[in-house]
Structures are given as C-alpha cells and as structure tokens.
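In what follows, chains are A, B, ... by sequence order, proteins preceding strands, each numbered from 1. Note that this is a predicted model, so its numbers are computed, not measured.
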Amino acid sequence: DSGVTQTPKHLITATGQRVTLRCSPRSGDLSVYWYQQSLDQGLQFLIQYYNGEERAKGNILERFSAQQFPDLHSELNLSSLELGDSALYFCASSPRLVRGTDTQYFGPGTRLTVL
Amino acid sequence: AQSVTQLDSHVSVSEGTPVLLRCNYSSSYSPSLFWYVQHPNKGLQLLLKYTSAATLVKGINGFEAEFKKSETSFHLTKPSAHMSDAAEYFCVVSDQGSQGNLIFGKGTKLSVKP
C-alpha cells in the first residue's frame with residue numbers, strides 16, 4: 001500500500017458527460033501528479049500540482065482540468081467525455097517539487113469507462 | 001526529445017531462472033532512470049532508480065539494473081525469478097533531468113512458469 005488513495009475505483013459514464021476523480025496523497029507529500037494509462041497511448045503524464053499550484057503540464061487535453069485543495073487532495077475533472085477517454089487514471093504523490101528524480105508513489109487508479 | 005524503448009513487449013521465464021528486461025533510452029540531459037512494476041489491478045511501485053550515483057543500482061525484491069552510458073541502456077535483471085514476479089514492468093526516463101516529466105516505456109509483461 002503506497003499511502004495514496006483514489007476514488008472511485010471504477011466509473012462508468014456516457015459520452016458527453018463530466019466526471020471528477022479524487023486523489024489523496026501520502027501524508028506529508030506536497031506534489032500530486034495525474035497520469036493516464038490507455039492501451040493505445042500507454043502511460044502518459046497529464047499534470048502536476050505542488051502545494052496548491054499547477055507546476056507542470058504534459059499531454060493533458062483542454063477538456064480536462066485539475067486542482068489541488070488546501071488539504072492537498074486533488075481532483076481531476078474530465079468533461080465532454082469521448083469513447084477514447086476510457087482509460088485507467090493514476091494519481092501519484094511525492095514530497096517535493098523535483099518530479100524528475102524523486103520517487104513518485106502511485107495510487108491504485110480509477111478505471112473510467114465511457115459508453 | 002527524450003524517449004525510452006523497451007525492447008520486448010513480453011518475456012516468459014521459468015521459476016528459478018534469471019530475468020532480463022531490456023531498456024534503451026534517449027536523453028539530452030544527464031538522465032534519471034527508473035524501473036516501476038505494476039501487478040494486475042494495482043498501482044505502480046518503484047523497483048529502483050538511477051540518478052547519477054553508482055551505475056549498478058540495487059532495488060527491491062532482488063532486482064538490479066546497470067546504467068551503461070555508452071550503450072544508452074538500463075536493463076533490469078534478477079538472478080532467480082519467483083512466481084510473484086509476474087507483472088508488467090515499465091522503464092522510465094525523466095525528460096529534463098531533475099525538472100523533467102516522466103516518460104514511460106510501453107511496458108514489458110513478465111510471465112513466470114512453474
């Protein structure tokens with residue numbers, strides 16, 4: 001158990017809808033990262049927040065957004081969902097800002113199915 | 001651009017035999033390299049990482065990897081496979097050193113036969 005929690009575990013929704021995925025980082029970790037794992041694209045970095053501020057962006061679509069709250073939990077909002085958004089979404093956390101060398105601790109993921 | 005190539009999508013070994021999972025990287029920076037493991041229906045777990053210290057890196061569960069700059073490789077090895085090693089393994093490079101984002105390889109699925 002990494003100490004990172006994600007809810008819900010599974011989410012089934014329809015095209016055009018909006019969903020929110022939630023992540024609680026390990027105690028004391030200030031950085032939260034979001035990743036998408038799909039069969040065709042593999043594992044891709046989406047976005048990083050550090051202590052409430054956005055710090056880095058990867059291949060995140062404009063329909064997707066995230067935020068980190070004062071208690072350091074984070075939410076990933078996915079809107080106008082398309083079939084291709086079906087994937088496993090992981091949250092990870094680390095103590096510091098240094099994402100390139102620090103160990104990232106991954107949650108169990110949220111499996112999103114868009115019908 | 002930084003990238004990582006895992007040379008085998010699937011590796012099958014017998015229990016008790018050595019494991020070799022191959023990874024080549026491309027990086028303009030002094031690279032940070034990682035191996036993560038993903039067991040079925042679980043999140044990713046760090047096995048080991050290289051961040052410019054010793055070139056032979058020891059990780060958890062008996063795994064180790066050697067950073068070879070001349071060959072741009074970071075292969076993962078284990079002397080004797082266990083059934084519990086069956087999982088998917090990801091080689092990862094940071095695309096801009098310490099300030100970079102993580103770039104994941106496509107993964108290698110390891111099967112272990114009894």
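By the 6.0 Å contact criterion, CG on A:Leu39 is open, its count of non-hydrogen atoms from other residues, nucleotides or ligands being 12 or less. Applying the 6.0 Å contact sphere to NE2 of B:His10 captures more than 12 heavy atoms from other residues, nucleotides or ligands. Atom CG of A:Asp71 sits in a crowded spot, with more than 12 heavy atoms from other residues, nucleotides or ligands closer than 6.0 Å.
A:Thr103 touches chain B through backbone and side chain together, each having a heavy atom under 4.5 Å away. With a threshold of 4.5 angstrom between heavy atoms, A:Lys9 does not approach chain B through any atom at all. Looking at B:Lys49, only its side chain comes within 4.5 Å of chain A, counting heavy atoms on both sides. In this structure, the portion of B:Tyr36 lying under 4.5 Å from any heavy atom of chain A is its side chain and not its backbone. Interface remark: A:Tyr33 contributes no atoms to any contact with chain B (heavy atom separation under 4.5 Å). Looking at A:Asn59, there are no atoms closer than 4.5 Å to chain B (heavy atoms on both sides), in backbone or side chain. Within the 4.5 angstrom heavy-atom criterion, no atom of B:Gln45 approaches chain A. When heavy atoms are compared at a cutoff of 4.5 Å, B:Leu46 approaches chain A solely by way of its side chain, counted from C-beta outward.
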inquiry  = Working note: A:Leu43 + B:Leu44, criterion side chain to side chain contact (heavy atoms under 4.5 Å, CB included); need CA distance, chi angles, decisive distance, verdict.
reply    = CA-CA 11 Å; A:Leu43 250 165; B:Leu44 285 83; 3.6 Å; yes
request  = Let me see the working for A:Leu88 and B:Gln38 under side chain to side chain contact (heavy atoms under 4.5 Å, CB included), right down to the final yes or no.
outcome  = CA-CA 13 Å; A:Leu88 196 50; B:Gln38 184 179 23; 4.2 Å; yes
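When the heavy atoms of residues 104-114 of chain B are compared with those of chain A, the residues falling under 4.5 Å are B:Phe104, B:Lys106, listed by number.
Under a hydrophobic-cluster definition in which Ile, Leu, Val, Met, Phe, Trp and Tyr are linked whenever side-chain heavy atoms come within less than 4.5 Å, directly or via other members, B:Leu47 and B:Leu20 are assigned to different clusters. By the criterion of side-chain heavy atoms lying less than 4.5 angstrom apart, applied directly or through intervening Ile, Leu, Val, Met, Phe, Trp or Tyr residues, B:Val11 is grouped together with B:Val37 in one hydrophobic cluster. The cluster map of Ile, Leu, Val, Met, Phe, Trp and Tyr, joined by side-chain heavy atoms under 4.5 Å apart, puts B:Phe63 and B:Tyr25 in the same cluster. A continuous path of Ile, Leu, Val, Met, Phe, Trp and Tyr side chains, each step under 4.5 Å between heavy atoms, connects B:Phe74 with B:Leu21, placing both in one hydrophobic cluster. Residues B:Leu102 and B:Phe67 do not share a hydrophobic cluster, defined by chaining ILVMFWY side chains whose heavy atoms lie under 4.5 Å apart.
Pairing each heavy atom of B:Phe90 with each of A:Gln37, the nearest pair is CZ-NE2, 3.5 Å.
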